[in-house]
*Asks:* 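Please see the structure below; I have some questions.
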There are 2 protein chains.
Amino acid sequence: MEDAKAGLRERKKRRTRATISDAAIALFLEHGFQRVSVAQVAEAAEVSKRTLFAYFPTKEDLVVHRLADHETEAARVVRAREPGTDPLAAVREHFLRGLRERDPISGLNDHPQVLRLTRMIYDAPSLVARMEGFKAGAERELALALEETADTPELTARLAAVQIVAVQWALAQDNARRLAGGEPADARFEGAVADARHAFALLENGLRQPAAQR
Amino acid sequence: MEDAKAGLRERKKRRTRATISDAAIALFLEHGFQRVSVAQVAEAAEVSKRTLFAYFPTKEDLVVHRLADHETEAARVVRAREPGTDPLAAVREHFLRGLRERDPISGLNDHPQVLRLTRMIYDAPSLVARMEGFKAGAERELALALEETADTPELTARLAAVQIVAVQWALAQDNARRLAGGEPADARFEGAVADARHAFALLENGLRQPAAQR
DNA sequence: GGGCAAAAGTATACCGAGTGCAAAAATAGC
DNA sequence: GCTATTTTTGCACTCGGTATACTTTTGCCC
């Protein structure tokens, strides 16, 4: 996106990278992540195994490199918010927009491709582990953003960050689970919004009397 | 502990298991997790590689099997609380007791062995990933306990669980980090208690006006 | 357009984690 | 002591990932 054409060499590298990734996803979706070897992926992409590993450091990266920028998403949202506004509100509104736009990260996208990809990831423990790793990264980034833009003390920022990330993740997982069970995204939408509002209210007001809502 | 002696066969298996684990930990502590191969561990324990894998399904399990029961700890605490009391308070008091007793899980144990083990784990990405996995298990168990013993609705239970687990983990990590930096546990104790109280207050009262305390 | 240095790709052999299989050893119960 | 069962072992194998040494492709300068 940044510099669309930057010499033949660069363009060819991009194409090779895309070819490998596409071949990998296609094979993984068809046969399952575990049952496809990197050698098979390399063969399908017409590339040597060594070259594959020059583009993607691990087998898991063939899948998760597409999701990598979500790691900094919450932090970016907090940094980009209107000055003087509540960081938590900014994250909430961003999440609600994700729901409206059926952003896959919100768990509310029911395109067959997305559903299959989600299922594929949750069927492979090593991929789940990578997702958990993303969570840890998101917590770190968000904590930093809170420290720097609100002037939250270090520990408080870290605590707020882990709570916010954990809650967002739980909401998305819940949506994804329902959609995987056959519920259409449009049918789930209102409930998802209500659940998100409830969850963010819990974050704002605490766990003290949680039985009131929902 | 349960059935201390249950036939020679059983006792010997226990001994073998302990021998393997001890040899593994000793080697890992001395040379680092990554730089010791399972073959070396097997040799040190005077056991074939095949036998080692009969006792421990993966290399990581050689380390983390000792921490496995912490996965259900928060859930057990919630289930075992005085009827009618607040689950969050139960978890808080349990965590504070962990600090007083210098329970390694609280991050406040500065015995050299514990410090080295902590460092070893954080130096090995695959071990860190396993710890994150424990977190996920703890969340699931705690959510279940909250649903069943308080009558919290499913989503609220899950949201509370992920927040509580995330906060406990963050507190422990913060303590461990400070101790790894040379601070003695006794010197850290009061600060750790204050931080824990602050964190649980945040959980109870929400992130709304967090700048007041600490 | 030809030549050349650097970058990219390849073949091959290798390491370590983990598994399948069948033979060998240890143990329990008689 | 004998036999059935469990445990252990050796070996060969798969798969993810890496080191090395080599060939091909590309950018570029003349």
Side-chain angles (χ1 to χ4, degrees), chain A residues 3 5-25 27-28 31-65 120-121 123-130 133, chain B residues 3 5-21 23-25 27-28 30-65 120-121 123-130 133:
Chain A
D3 36 8
K5 48 177 180 178
L8 177 78
R9 195 164 240 166
E10 207 57 36
R11 266 183 293 152
K12 196 173 178 184
K13 278 183 75 172
R14 276 183 221 273
R15 229 182 43 208
T16 304
R17 188 179 160 86
T19 304
I20 295 173
S21 174
D22 291 349
I25 300 275
L27 283 174
F28 292 156
H31 304 112
F33 182 76
Q34 322 244 34
R35 283 201 292 269
V36 177
S37 72
V38 291
Q40 288 175 276
V41 174
E43 196 184 4
E46 294 178 309
V47 154
S48 78
K49 202 177 77 167
R50 206 65 183 71
T51 297
L52 185 154
F53 279 114
Y55 283 91
F56 299 94
T58 72
K59 186 184 181 183
E60 286 73 29
D61 282 290
L62 288 166
V63 177
V64 302
H65 74 101
M120 189 203 84
I121 291 175
D123 282 348
S126 68
L127 287 175
V128 174
R130 286 296 298 265
Chain B
D3 38 6
K5 50 177 177 178
L8 176 83
R9 199 162 237 164
E10 208 56 36
R11 265 182 294 151
K12 197 172 177 184
K13 276 184 76 171
R14 276 182 221 274
R15 232 182 40 211
T16 305
R17 187 179 161 87
T19 305
I20 295 173
S21 174
I25 300 277
L27 282 175
F28 292 155
E30 188 173 357
H31 303 112
F33 183 76
Q34 323 243 34
R35 282 202 294 267
V36 178
S37 72
V38 292
Q40 287 175 277
V41 174
E43 197 184 5
E46 292 177 310
V47 152
S48 78
K49 198 178 81 170
R50 208 65 187 68
T51 298
L52 185 152
F53 279 115
Y55 282 91
F56 299 94
T58 71
K59 186 184 184 184
E60 286 74 28
D61 283 289
L62 288 165
V63 177
V64 302
H65 74 102
M120 189 203 85
I121 290 175
D123 282 348
S126 67
L127 287 176
V128 173
R130 287 294 300 264

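Being a predicted model, the structure only gives us computed values, none of them experimental. Basis for what follows: all heavy atoms, side chains included, without hydrogens, waters or symmetry-related copies. Labels below follow one simple rule: chain letters A, B, ... track the order of the sequence lines, proteins then strands, and each chain is numbered from 1.
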*Asks:* Pick the closest DNA chain C nucleotide for Ala54(A) and for Lys49(A) by heavy atoms, then say which residue is nearer the 5' end.
*Replies:* Ala54(A)

*Asks:* Let me know the distance between CZ of Phe53(B) and P of dT14(D), rounded to the nearest Å.
*Replies:* 18 Å

*Asks:* Quickly work out the Tyr55(B) OH to dT19(C) C1' distance and round it to whole Å.
*Replies:* 18 Å

*Asks:* Verify the neighbour count for atom CD of Glu43(B): are there more than 12 heavy atoms of other residues, nucleotides or ligands below 6.0 Å?
*Replies:* no

*Asks:* Tell me every residue that passes side chain to side chain donor-acceptor pair (under 3.5 Å) with Gln40(B), counting only those two or more places apart in sequence or in another chain.
*Replies:* Ser37(B)

*Asks:* Between Ser48(B) and dT9(D), is there a side-chain N or O to OP1/OP2 distance below 4.0 Å?
*Replies:*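 Indeed, a polar side-chain atom of Ser48(B) lies that close.
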
*Asks:* Output the rounded distance in Å from CZ (Arg14(A)) to P (dT26(D)).
*Replies:*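 So the two atoms are 17 Å apart, to the nearest Å.
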
*Asks:* Please check if the side chain of Thr16(A) supplies one atom and the backbone of Lys12(A) the other of a donor-acceptor pair under 3.5 Å.
*Replies:*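 Yes; judged by distance alone, with no hydrogens or angles, the pair exists.
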
*Asks:* Please report, rounded to the nearest Å, how far the P atom of dA8(C) is from the CD atom of Glu46(A).
*Replies:*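 Nearest whole value for this atom pair: 21 Å.
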
*Asks:* Measuring only between side-chain heavy atoms, which start at C-beta, is Gln34(B) closer than 4.5 Å to Pro125(B)?
*Replies:*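 Gln34(B) reaches Pro125(B) side chain to side chain.
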
*Asks:* Whole angstroms only, please: what is the CZ-C1' distance between Arg17(A) and dA8(C)?
*Replies:*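 Distance check: Arg17(A) CZ to dA8(C) C1' gives 15 Å.
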
*Asks:* Mind calculating the distance between NZ (Lys59(A)) and P (dC15(D)) to the nearest angstrom?
*Replies:*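 Whole-Å distance recorded here is 9 Å.
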
*Asks:* Answer yes or no: is there a side-chain heavy-atom contact under 4.5 Å between Leu62(B) and Phe28(B)?
*Replies:* yes

*Asks:* Hey, does the Lys NZ or Arg CZ of Lys59(A) hover above the aromatic six-ring of Phe53(A), less than 6.0 Å from the centre and inside 45° of the axis?
*Replies:* no

*Asks:* Can you check the Leu62(B) CG to dA17(C) P distance for me, whole Å?
*Replies:* 10 Å

*Asks:* Give the residues of residues 31-41 of chain B touching DNA chain D, defined as any heavy atom closer than 4.0 Å, sorted by residue number.
*Replies:*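 Contacting residues: none.
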
*Asks:* Assess whether one donor atom and one acceptor atom, taken from the side chain of Arg50(A) and the base of dA8(C), lie less than 3.5 Å apart.
*Replies:*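 Check fails, no donor-acceptor contact within cut-off.
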
*Asks:* What integer distance in Å separates Lys12(A):NZ from dT24(D):P?
*Replies:* 14 Å

*Asks:* Within the pair Lys13(B) and dT7(D), is there a side-chain N or O less than 4.0 Å away from OP1 or OP2?
*Replies:* yes

*Asks:* Which part of the nucleic acid, if any, lies within contact of Phe56(B), taking any heavy atom under 4.0 Å across all strands shown: a base, the sugar-phosphate backbone alone, or nothing?
*Replies:* nothing

*Asks:* Please report the C-alpha distance between Val63(B) and Met120(B) in whole Å, then the side-chain angles of each, then the deciding distance to 0.1 Å, and finally whether the side-chain contact (heavy atoms from CB on, under 4.5 Å) criterion is met.
*Replies:* CA-CA 10 Å; Val63(B) 177; Met120(B) 189 203 85; 3.8 Å; yes

